Chemist: 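Below: one structure in structure tokens.
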2 protein chains.
Amino acid sequence: MDSSDEATLHQDAALSRTRLVLWQKLQKSASVIEDELRRRLRRDCDSTLPRFDVMAVLDATPDGLRMREISDRLRVSAGNVTGIVDKLAQEGLAKRVAVPDDRRASRVVLTEKGQGAFAVLARIRESWINEMLGNLNLDDVDGMILRLDRLIDALDTDEFGALAQKGTENGGI
Amino acid sequence: MDSSDEATLHQDAALSRTRLVLWQKLQKSASVIEDELRRRLRRDCDSTLPRFDVMAVLDATPDGLRMREISDRLRVSAGNVTGIVDKLAQEGLAKRVAVPDDRRASRVVLTEKGQGAFAVLARIRESWINEMLGNLNLDDVDGMILRLDRLIDALDTDEFGALAQKGTENGGI
DNA sequence: GGATGGTATTTCAGGCTTGAAGTTTTAGGC
DNA sequence: GCCTAAAACTTCAAGCCTGAAATACCATCC
């Protein structure tokens, strides 16, 4: 660490400030898009984002997941997952299956109805995202994915968010 | 619109899929960082993210803002802002000021105490962000800001999020 | 084989957010 | 000057989420 002369200190400060600006823009884009998805999911699909998210991680794992695995991948509390799965089960979209060797746990799997419903939702969601990100071309998208991968790597490695390493495949709408 | 031959259709589909992947990574980074900020703000500063956000938009506008302007910039409901400002006022960090020509409205301004508290919080927050985005160099940061600006532009222009054009300066932690 | 500690899940109280009234006030047409 | 529509704000019920118990169960160490 030899950032000991003035020029370097100034560069550090400028970079820090620019990173902050980046965070503000990252945060704004994500929340505008997420709010819009939430709204459309309610309005057009009579569903919710948390329910979609749970269905997404289940759909990605045909053998089903334990409650704890779901809450780890989505980074929400275990109690929250209980409620969401309860509702999915009530609607016949998911069901709990006993785990042979562990009577504490249960696996959650999508029913056929749940798989069908999710397939429809997933297609609609992709078209929404494609619309909202419509003015980013392939270069833009690749460039951002490259950087976000590095960022996510660091976030997973550092203490924070360390529980969610595996949740990238289908974890968020 | 002449994406009528197979090759182009295939490219469109691939781009759509890649945009979806980008969204998932965007969403994950933003939520990991935001959750961590929320946690640290509680743990280390005895504050909350919504309160910080309100103070941020107020600090950026020394003349103060109306309730409605705050809720527009932060994209939260008016009722929510009422509650947050109530709490800030209780703690002496902000106060409501009557608007001369409109007895329905009130301007909200930070008190001196509020300005001081925000200055401290803002510095800490910048260091946190600088830490969390630490493995992105200046090229990365600039590259992402460039693209996010275009994205935010499109999001503001389209119907969704149209209320929040001006909230980019200091609007989100 | 019983105690001890840890794991999987649920329950629940408390806080945050929204959306839908409700109140007061302003603005515009007539 | 009224009357209607709309705006600014507040209140409130309902839903979501968290974190902290509580419950039930597994596993390990003596």
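Owing to the predicted nature of the structure, the values given are computational and were not obtained by experimental measurement. Lettering of chains follows the sequences in order, A, B, ..., and the numbering in each one begins at 1.
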Chemist: Without decimals, in angstroms, what is the distance between A:Glu69 CD and C:dA8 P?
Modeler: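 About 9 Å, once rounded to whole Å.
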
Chemist: Check which hydrophobic residues are tied to B:Val97 through side-chain heavy-atom contacts below 4.5 Å, counting indirect links as well, and list them.
Modeler: B:Val109

Chemist: Quick one: what's the B/S/- string for nucleotides 15-21 of chain C, heavy-atom cutoff under 4.0 Å, read 5' to 3'?
Modeler: -SSB---

Chemist: Taking side chain to side chain donor-acceptor pair (under 3.5 Å) as the definition, give me every residue that meets it alongside A:Arg107, ordered by chain and number, with sequence neighbours left out.
Modeler: none

Chemist: For A:Ser77, give me all partners under side chain to side chain contact (heavy atoms under 4.5 Å, CB included), at least two apart in sequence or on another chain.
Modeler: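 So A:Ser77 forms a side chain to side chain contact (heavy atoms under 4.5 Å, CB included) with A:Asn80.
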
Chemist: Can you name the salt bridge (Lys or Arg N to Asp or Glu O under 4.0 Å) partners of A:Arg103, sequence neighbours left out?
Modeler: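 A:Arg103 satisfies salt bridge (Lys or Arg N to Asp or Glu O under 4.0 Å) with no other residue.
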
Chemist: Ignoring hydrogens and geometry beyond distance, is the side chain of A:Arg104 in donor-acceptor contact with the base of C:dT7 at under 3.5 Å?
Modeler: yes

Chemist: Holding to salt bridge (Lys or Arg N to Asp or Glu O under 4.0 Å), I want the full list of residues that pass it with B:Arg38, two or more places apart in sequence or in another chain.
Modeler: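 Listed in chain order: B:Glu34.
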
Chemist: Not counting sequence neighbours, which residues clear side chain to side chain contact (heavy atoms under 4.5 Å, CB included) with B:Asp102? List them please.
Modeler: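 Partners of B:Asp102 under the side chain to side chain contact (heavy atoms under 4.5 Å, CB included) test: B:Arg66, B:Val99, B:Arg104, B:Ala105.
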
Chemist: Any idea which heavy atoms bring B:Ala122 and B:Phe52 closest together, and the distance?
Modeler: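 Between these two residues, the closest heavy atoms are N-CE1, 3.9 Å.
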
Chemist: Determine the contact category for A:Arg96: base if any of its heavy atoms lies under 4.0 Å from a base atom, sugar-phosphate if only primed atoms, P, OP1 or OP2 are that close, otherwise nothing.
Modeler: sugar-phosphate

Chemist: Along DNA chain D, 5' to 3', what are the outermost nucleotides having an atom less than 4.0 Å from a heavy atom of chain B?
Modeler: D:dA7 to D:dT11

Chemist: Per the side-chain hydrogen bond (donor to acceptor under 3.5 Å, both in side chains) rule, what does the pair list look like for residues 132-147 of chain A, sequence neighbours excluded?
Modeler: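 Qualifying pairs, neighbours excluded: A:Asp140-B:Arg147, A:Asp140-B:Arg150, A:Arg147-B:Asp140.
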
Chemist: Nearest-Å distance, CE (A:Met67) to P (C:dA8)?
Modeler: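 That distance rounds to 13 Å.
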
